[in-house]
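Everything numeric here is computed off the predicted structure, so don't read it as measured data.
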Amino acid sequence: MPELPEVETTRRGLSPHVVGRRVADVLVRERRLRWPVPDDLAGVLRGREILEIGRRGKYLLFRFAGGALIVHLGMSGSLRLAAAGEAVRRHDHVDILLDQGPLLRYHDPRRFGAMLWTPEPASHSLFAALGPEPLGEEFSPDYLWTASRGRRTAVKPFLMNAAIVVGVGNIYASEALFLAGVHPARETASLEREECMRLVAAIRQVLSQAIEMGGTTLRDFVNGHGQPGYFQQALHAYGRSGQSCMRCGTAIETLRLGQRASYFCPVCQG
DNA sequence: AAATATACCTGACTGC
DNA sequence: TGCAGTCAGGTATATT
């Protein structure tokens with residue numbers, strides 16, 4: 001599923017191929033994403049030069065003079081380079097044709113993603129309430145400790161709350177809690193400073209390593225070149241219910257928190 | 001104010 | 001073989 005590492009992998013893969021190029025046209029085959037794709041998107045983008053691809057949390061920002069194209073991959077989305085004339089597959093919802101070379105093809109079976117235009121990305125409402133970037137300086141043990149005071153919820157949904165820290169979804173929350181040795185159902189307010197330190201370090205480590213390995217591909221994700229990631233080979237907890245813990249050998253257990261499956265080792269995360 | 005539930009959507013899988 | 005039901009999950013929005 002596209003969490004921060006998958007979005008960053010896409011950004012890095014696409015940037016060298018599209019920055020500096022102009023949009024020739026936009027072809028929308030299916031506009032029913034999370035929100036409707038703007039019906040004048042082709043008119044807005046045509047002729048504009050892509051200056052940069054940025055990222056905020058799990059949002060990609062294609063920056064142009066005078067605005068930005070916001071792209072979210074949802075749960076099953078991917079954005080990749082395709083050769084002109086390459087066969088269109090089911091769920092290839094949008095093509096962004098460039099002035100030369102391959103085109104950008106947006107594919108999203110579950111259509112939980114989004115493609116929006118904004119003239120003012122800095123003040124867009126989608127970004128207004130987002131917490132700090134997990135790989136940035138602001139996300140520190142002190143920050144997490146302060147943010148966790150008075151919170152009665154379980155720590156796993158707390159870490160998945162984008163207002164606390166962006167980019168951490170179900171897979172990496174499970175992995176970070178395993179690495180930090182913290183039980184996913186632990187009450188957030190009871191976290192000690194030492195545990196906040198371990199959690200910040202674990203989140204940074206698991207996200208960084210996943211980016212290096214090109215993200216996690218469970219089913220749908222492919223990078224900007226259409227290739228899967230391979231961090232799924234490095235997962236310690238996620239999806240390993242009943243299998244032995246890689247640290248102590250105990251069977252990995254699962255429980256549901258906030259309607260989401262959570263995987264943990266009952267001994268290492270006791 | 002924070003916590004929880006709901007809606008959106010398709011494909012893979014399970015059980016009858 | 002088919003069909004109904006369940007689950008997966010990011011995040012905005014509604015409800016408690």
Between dT11(C), dT10(B), dA12(C), which nucleotide gets closest to the side-chain atoms of His72(A)? dT11(C)
Go through the N and O atoms of the side chain of Arg110(A) and the base of dG11(B), and report whether any donor-acceptor pair is under 3.5 Å.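 No.
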Output yes when at least one side-chain N/O atom of [X] is less than 4.0 Å from OP1 or OP2 of [N], else no.
X         : N       : value
Arg256(A) : dA8(C)  : yes
Arg90(A)  : dG11(B) : yes
Gln259(A) : dA5(B)  : yes
Arg111(A) : dT10(B) : yes
Ser76(A)  : dC9(B)  : no

Under 4.0 Å, counting only non-hydrogen atoms across every strand here, what does [X] touch: a base, just sugar-phosphate, or nothing?
X         : value
Arg152(A) : sugar-phosphate
Ala261(A) : sugar-phosphate
Leu126(A) : sugar-phosphate
Tyr59(A)  : sugar-phosphate

Report the distance from atom [atom1] of [X] to atom [atom2] of [N], rounded to the nearest whole Å.
X         : N       : atom1 : atom2 : value
Arg260(A) : dA8(C)  : CZ    : P     : 9 Å
Leu130(A) : dG10(C) : CG    : C1'   : 12 Å
Lys156(A) : dA3(B)  : NZ    : P     : 16 Å
Arg89(A)  : dG11(B) : CZ    : C1'   : 15 Å
Arg34(A)  : dT6(B)  : CZ    : C1'   : 11 Å
Tyr172(A) : dG10(C) : OH    : C1'   : 14 Å
Phe158(A) : dA1(B)  : CZ    : C1'   : 15 Å
Leu159(A) : dG10(C) : CG    : P     : 13 Å

Is any side-chain N of the basic residue among Asp25(A) and Arg46(A) closer than 4.0 Å to the acidic one's carboxylate O? yes
Charged N to carboxylate O below 4.0 Å: is that the case for Lys58(A) and Glu3(A)? no
Using heavy atoms to find the nearest nucleotide of DNA chain B for Gly150(A) and Phe112(A) separately, return the residue whose nucleotide is more 5′.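 Upstream on the strand: Gly150(A).
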Is it the case that more than 12 heavy atoms not belonging to Arg152(A) sit under 6.0 Å from its CZ atom?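 No, the 6.0 Å shell around CZ holds no more than 12 heavy atoms from other groups.
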Over 60° means perpendicular and under 30° means parallel, so tell me whether Tyr238(A) and Tyr263(A) are parallel, tilted or perpendicular. perpendicular
Check the orientation of Phe178(A) and His236(A). Use parallel for under 30°, tilted for 30 to 60°, and perpendicular for over 60°.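 Taking His236(A) first and then Phe178(A), their aromatic rings lie parallel (interplane angle under 30°).
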